[in-house]
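Everything on this sheet refers to the single structure shown next.
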Amino acid sequence: GYQQDEISVPDYTETELITDAFNKMLARMKVLDESRSEFVSNVSHELKTPMTSMKVLADSLVGQQGVPEDLYQEFMRDITAEIDRENRIITDLLTLVKMDKKNADLQIQHMSINQLLEDILKRLRPIADKRNIDLILDSFRPVEADVDELKFTSAISNLVENAIKYNVDDGWVRVSLDADHKFFYVTVADSGMGIPEDSLSRIFERFYRVDKSHSREIGGTGLGLAITRSTIGMHHGVIKVFSKEGEGTTFSVRVPLSYIP
Ligand code: ADP
């Protein structure tokens, strides 16, 4: 009668809630599974490409009598370049996989971010000089913060390396540092080719490259920004990108001054 109805209402709702939660979980698992297979197939493809080139190059030398010395040298140089590329992809992949583990432990140190940025620019200046790109550091104030020196350095280095790689000859790259009472802010701005609007939301994805062949030519693996975003996230920071095609790109990073695990 009346009392039973009253009881059966919450019962029914609960079943519904559980079914709903279960369906949501299944859907989420399906998405995870799909992105995992996509990742595995991307990895296989990326690892196979240099391998295929090496095989073709080596095959054309094997069993050939009297290959002219300069041709032989050229093929060997190409093979070496493909090995270097394979190595870069594997190194980047291992870095990413290590980060995916939940407690990828950070070696947090309280340190000068001004110094950290100066060191990065010092290391990359010879590469920028080769294309007469002006590399500028704007430190608005002394900043000390908690970071993992190696990981944070490589995250920011990726941004500066990209700003040089995807720049025009005689262009500029401006790295700036500022802070307030809670956060510090690093921006890396360049005068480069920019990123098309419809690619902007995808550049942090693993293996995503705006121009596959161009990026490959200049040695890109498509994993750099995925690593950078993951590292910034581990520091509880955020990274954003602004870009205009043909004018340039700005990456802005915001990280808390103190690290709370
Ligand atoms: P890659 O190893 O190809 O450089 P990243 O993950 O570092 O891979 O970057 C992904 C893609 O985003 C690049 O291939 C490039 O197309 C684009 N990109 C990254 N940084 C810049 C930049 N500063 N200017 C223009 N395009 C950029």
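Each ligand, and each atom within it, is numbered from 1 in the order the structure gives.
Between Ile164, Val210, Thr250, it is Val210 that holds the heavy atom closest to atom 17 (C) of ligand 1. Here the shortest heavy-atom distance to atom 11 (C) of ligand 1, taken over Phe204, Tyr208, Phe251, Phe207, belongs to Tyr208.
No chain of hydrophobic side-chain contacts below 4.5 Å, direct or via other Ile, Leu, Val, Met, Phe, Trp or Tyr residues, connects Tyr185 to Ile113.
Shown in contact with Gly224 at under 4.0 Å from a heavy atom are these atoms of ligand 1, numbered in order with element: 5 (P), 6 (O), 7 (O). Against a heavy-atom cut-off of under 4.0 Å, Gly194 is close to the following atoms of ligand 1: 25 (C). The atoms of ligand 1 that sit less than 4.0 Å from any heavy atom of Gly220 are 1 (P), 2 (O), 3 (O). Close contacts of ligand 1 with Ile203, meaning ligand atoms under 4.0 Å from a residue heavy atom, involve 10 (C), 12 (O).
No N or O atom of Arg209 sits closer than 3.5 Å to an N or O atom of ligand 1. Between Gly222 and ligand 1, a contact under 3.5 Å exists for at least one N or O pair.
Under a 4.0 angstrom heavy-atom cut-off, Lys165 registers as being in contact with ligand 1.
For the pair Arg123 and Asp119, the salt-bridge criterion is not met [side-chain N within less than 4.0 Å of a carboxylate O]. Here Asp33 does not pair with Lys30 in a salt bridge; the nearest charged N to carboxylate O distance is not below 4.0 Å. A salt bridge is defined here as a Lys NZ or Arg NE, NH1 or NH2 lying under 4.0 Å from an Asp or Glu carboxylate O, and Arg206 with Glu46 fails to meet this definition.
A side-chain hydrogen bond (donor to acceptor under 3.5 Å, both in side chains) with Arg141 holds for exactly one of Asp180, Asp178, Asn114; it is Asp178.
With rounding to the nearest 0.5 Å, the separation of CD1 in Ile90 from CG in Leu47 is 6.0 Å. Distance check: Thr187 OG1 to Arg174 CZ gives 9.0 Å after rounding to the nearest 0.5 Å.
For Phe184 and Phe152, the gap between ring centers is short of 6.0 Å.
Contact annotation for Asn158 and ligand 1: no heavy atom of the residue comes within less than 4.0 Å of the ligand. Under 4.0 Å from ligand 1, heavy atoms of Leu225 appear from its side chain as well as its backbone. Only the side chain of Ile195 comes within 4.0 Å of ligand 1, counting heavy atoms alone; its backbone N, CA, C and O stay farther away.
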